[in-house]
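To start, the structure under review is shown below, and the notes come after it.
This is a predicted model, so every value here is computed, not measured. In what follows, chains carry the letters A, B, and so on, assigned in the order in which the sequence lines appear, proteins first and then strands, with residues in each chain numbered from 1.
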Amino acid sequence: MSTPDLPPDYYFRNFCGLVDHVRAHHDDLLNDTERHQVSTLRALPAQAQMRYVRMLMRRGNLFRLDRLQYAEIADTAQSAQTLEAAGLVRLDPDLPVEAVAGLYSKPEWLHTLADKVSTEQLRALRALKRAELDAELRNIYSGDRPCLPSTIIELRQPAWFDTFKLLYFGNLHQDLTEFVLRDLGLYRFENYRIDRDTRLIENREQLQELLDYYRLRDLREEVLAGQPEGILEYENSLQQLGNGSRLLCKKVERDRLALARQLERLDAPAEAVTLYERCMAPPARERRARLMSKAGEIGASLKLCGDMLASPRSEEEQFFAADFGYRTARKNKLPWPQPQKYIPPDALIRLDQDEYGVEAGVAAHLDANGECHYVENTLFGGIFGLYYWDLIFAPAAGAFTNPFQYRPHDLYETDFLSLRGAQWRDPEVDFTRPKQLADELIQRWQEKQGIANPFVAWEMLSPELIQSALERIPAAHWAAVFSRIWRAPRENRSGLPDLIFFPADGGYELLEVKGPGDRLQKNQLRWMQHFEAHQIPHKVINVEWR
DNA sequence: ACCAATCACGCATAT
DNA sequence: GCGCCTCCTG
DNA sequence: ATATGCGTGATTCAGGAGGCG
Ligand SMILES: [Mn+2]
Ligand SMILES: [Mn+2]
């Protein structure tokens, strides 16, 4: 696929767009340093700004000037000096070897070391691995400054740009490449109305908490790979971040669950429980019930299962409590209601093993008697996304704050639907006119092609599939599926069966394929239970190789 | 959709 | 040389 | 034998340059 040409200063335009937006709408949240640095930068000649932005987009704070050559920046030396005079960079900073070691390749170091060490030593160094060489460099120079063959340029305190990215995107995982990918046509976003009156981050405290959170998060991987003490310490610093925004709480909660889980793996159950107790979100209570049961605290475990059943915080938790409660009660000869277990209908198919995977194999096999599509979550998700397109992207307070959102900020909030009553539509009604609705959805499919929507996987949908699905699936079934998705749009977006089969003589069936050794996942089973309750035809297809 | 959820696969346990 | 990796680019 | 839990791997713009072993 060909991509459109971008202007030579594309990145600078993107940068200005981002920065100037934040200056215009969030200036009151900036501190003096941030404000000062941007205004200094923006007042410089374009060439100098562009050099600075090129550095911002690259990894690290230290660069070799000879490796910062760009066709669109003519004056290498001058723009660097302008930046230094403005206090935004340092030229040839006074740094120990370990700071600059990574700027040069192994051969380059060996070359500069040639007149500093003996030829024998040089030969020994050549045999070292890169990491070992870096360590050895420290010994060789032992505090002395290396004499480097190129000018080094150091970005001074580039952290202000994190603040800007956070205010612009509402997170720190998106950055300037979003602009590029959009402009290249690789990402497309809906043209929703942006709400400039409601801000995601409302005050400096919330902003600071999030910045601190992200700074902490850089350590997470290392901490998770380490000892329980480190994990607990890390969780403690998470806790001290503050108690402010929902945004922060959700992130911290996620991390806390992951930390607790790792404590379990490290065989520190008591510590894990302590962390789980600080979590509201599933599966915190599930993990506690398991740990208590394993520790022999049967009564407490069952009590917690009872709590979960009385006020489940997710469907998964509810099913777990019913099941696990029954199992542990029975093991200990205690009373507990037996959960009704749903066993979906199944069939066995013998297939020749081919290179495309079981699902495709079954689909090809069934194509002889009708039409079979490998859709997984994409059929119901896709139709859902197209049908509710205008509702999902309807303007609502605080829902959209920048042009790079694939969903409204509050899509997973419990009041999402109630805030969009005007856009509500009833599938029970609309899907009774399948021809008309197919026209609408196919037109939207064309018009919105490729635009990011959490429910729509464009590459899997086609007008023919939309057409067949609307013809064959009755309105009541659509309504039943959609209402379950609305109940928990994040959790219930997945778990739908692999295949949809349209037999030649009418009707349809949803089929979950299971190869040898595979089995239904929990969310897949819950969907099937829902299908059963609403007379939606479904089946598990077990495959045996012959 | 925050190097994560999501699915299949494969092993280790408990009954 | 090779294959794998990380970084950078538009 | 059947269940269950847990950990694993691939996948996420696409293509090029350069470093490393
Ligand atoms: Mn599947
Ligand atoms: Mn399957």
Side-chain angles (χ1 to χ4, degrees), chain A residues 1-11 13-14 54-55 57-60 63 67-68 70-72 102-109 126-133 165-166 169-189 210 213-214 217-218 220-221 224 247 250-251 254-255 258 261-262 264-265 286-287 290 293-294 320 323-324 327-328 330-331 341 343 357-359 374 376-378 381 404-407 409 411-412 450 452-455 457 459 490-491 493-498 512-524 543:
Chain A
M1 223 208 281
S2 73
T3 52
D5 280 347
L6 264 31
D9 61 344
Y10 70 94
Y11 60 93
R13 298 185 193 203
N14 299 338
R54 278 291 195 183
M55 287 191 275
M57 297 197 309
R58 288 178 49 170
R59 167 169 268 265
F63 307 92
R67 291 288 165 82
L68 277 180
Y70 294 98
E72 78 284 358
L103 295 179
Y104 296 92
S105 70
K106 233 173 94 175
E108 283 170 328
W109 274 118
R126 200 184 308 275
L128 294 180
K129 291 212 200 101
R130 180 66 219 222
E132 296 165 340
L133 174 69
K165 280 186 290 190
L166 183 51
F169 291 112
N171 61 62
L172 273 189
H173 61 93
Q174 289 180 293
D175 56 31
L176 286 173
T177 71
E178 298 287 322
F179 289 80
V180 179
L181 296 179
R182 178 199 58 186
D183 295 340
L184 289 175
L186 294 165
Y187 288 178
R188 293 190 65 200
F189 297 94
L210 285 166
Y213 166 81
Y214 279 111
R217 218 181 65 133
D218 294 338
R220 193 179 61 169
E221 204 174 330
L224 279 171
L247 219 50
K250 272 192 280 191
K251 290 176 197 299
R254 249 205 211 317
D255 286 358
R261 202 58 206 272
Q262 183 59 18
E264 287 191 61
R265 281 186 275 263
E286 169 182 335
R287 299 311 309 173
R290 287 182 190 281
S293 168
K294 203 184 283 183
F320 165 81
D323 205 53
F324 187 78
R327 274 173 14 225
T328 58
R330 204 179 50 153
K331 216 183 322 185
K341 185 188 228 149
I343 298 172
V358 244
E359 297 89 352
Y374 182 14
E376 243 161 26
N377 306 314
T378 64
F404 299 97
Q405 295 178 228
Y406 74 105
R407 62 163 169 91
H409 287 125
L411 178 62
Y412 303 129
N453 177 318
F455 299 104
E459 61 281 9
R490 203 213 289 269
E491 293 81 352
R493 199 167 52 213
S494 59
L496 286 144
D498 291 319
E512 172 57 39
V513 178
K514 288 299 166 199
D518 194 10
R519 60 193 130 100
L520 278 183
Q521 289 164 233
K522 284 180 172 184
N523 54 351
Q524 294 173 331
V543 175

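Picking from B:dA4, B:dA5, D:dC20 the nucleotide with the shortest atom distance to the side chain of A:Arg254 gives B:dA5. Picking from D:dC20, B:dA4, B:dC9 the nucleotide with the shortest atom distance to the side chain of A:Arg130 gives D:dC20. Comparing atom distances between the A:Asn377 side chain and each of B:dA1, D:dT4, B:dT6 picks out B:dT6 as nearest.
Within 4.0 Å (heavy atoms only), A:Glu108 reaches no atom of the nucleic acid at all. Looking at heavy-atom distances under 4.0 Å, A:Lys250 makes no contact with the nucleic acid at all. At a threshold of 4.0 angstrom between heavy atoms, the contacts of A:Asp5 with the nucleic acid are absent. Heavy atoms of A:Glu359 sit under 4.0 angstrom from primed sugar atoms or phosphate atoms, though from no base atom. Residue-level contact check: A:Gly495 touches the backbone only, with heavy atoms under 4.0 Å from sugar-phosphate atoms and none from bases.
For the P atoms, the distance from C:dC5 to D:dT11 is 13 Å, rounded to whole Å. Rounded to a whole angstrom, the distance from the P atom of D:dT4 to that of B:dT15 is 12 Å. If you take atom C1' in C:dC8 and the same atom in D:dA10, they sit 24 Å apart, rounded to whole Å.
A nucleotide of DNA chain C counts as in contact with chain A when one of its atoms lies under 4.0 Å from a heavy atom; the first and last such, 5' to 3', are C:dC7 to C:dG10.
Remark: A:Glu286 pairs with A:Arg290 by the side chain to side chain donor-acceptor pair (under 3.5 Å) rule, at least two apart or across chains. Applying the salt bridge (charged side-chain N to carboxylate O under 4.0 Å, His left out) criterion to A:Arg67, with sequence neighbours excluded, gives A:Glu108. Considering only residues two or more places apart in sequence or on other chains, A:Phe455 meets the ring-ring contact (aromatic ring centres under 6.0 Å, His included) condition with A:Phe384. Partners of A:Lys250 by salt bridge (charged side-chain N to carboxylate O under 4.0 Å, His left out), not counting sequence neighbours, listed by chain and number: A:Glu413. Partners of A:Arg130 by salt bridge (charged side-chain N to carboxylate O under 4.0 Å, His left out), not counting sequence neighbours, listed by chain and number: A:Asp134. Evaluation of the side chain to side chain contact (heavy atoms under 4.5 Å, CB included) rule for A:Glu132 yields A:Leu128, A:Lys129 as partners, not counting sequence neighbours. Remark: A:Lys165 engages A:Asp162 in a salt bridge (charged side-chain N to carboxylate O under 4.0 Å, His left out) (not counting sequence neighbours).
Looking only at side-chain heavy atoms (C-beta outward), A:Gln521 and A:Glu512 stay at 4.5 Å or farther from each other.
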Pairs under 3.5 angstrom, nitrogen or oxygen only, protein versus nucleotides 13-15 of chain B, please.
| residue | atom | partner | partner atom | Å |
| --- | --- | --- | --- | --- |
| B:dT15 | OP1 | A:Lys331 | NZ | 3.3 |

Check: protein-nucleotides 13-17 of chain D nitrogen or oxygen pairs below 3.5 Å:
none

N/O-N/O pairs, protein side and nucleotides 5-11 of chain D side, under 3.5 Å:
| residue | atom | partner | partner atom | Å |
| --- | --- | --- | --- | --- |
| D:dG5 | OP1 | A:Arg290 | NH1 | 3.0 |
| D:dG5 | OP1 | A:Arg290 | NH2 | 3.0 |
| D:dG5 | OP1 | A:Arg327 | NH2 | 3.1 |
| D:dG5 | O6 | A:Arg519 | NH2 | 2.3 |
| D:dC6 | OP1 | A:Arg287 | NH2 | 2.9 |
| D:dC6 | OP2 | A:Arg287 | NH1 | 3.1 |
| D:dG7 | OP1 | A:Arg265 | NH1 | 3.2 |
| D:dG7 | OP2 | A:Arg265 | NH1 | 2.8 |

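Shown here, D:dT4 is classed anti by the O4'-C1'-N9-C4 or O4'-C1'-N1-C2 angle, which is more than 90° from 0.
Residue-environment remark: CG (A:Asp218) exceeds the threshold of 12 foreign heavy atoms within 6.0 Å.
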> Which dot-bracket string fits DNA chain D when only Watson-Crick or G-U wobble pairs with both atom distances under 3.5 Å count, crossing pairs get [ ], and | stands for a partner on a different strand?
Replying inline: .||||||||||.|||||||||
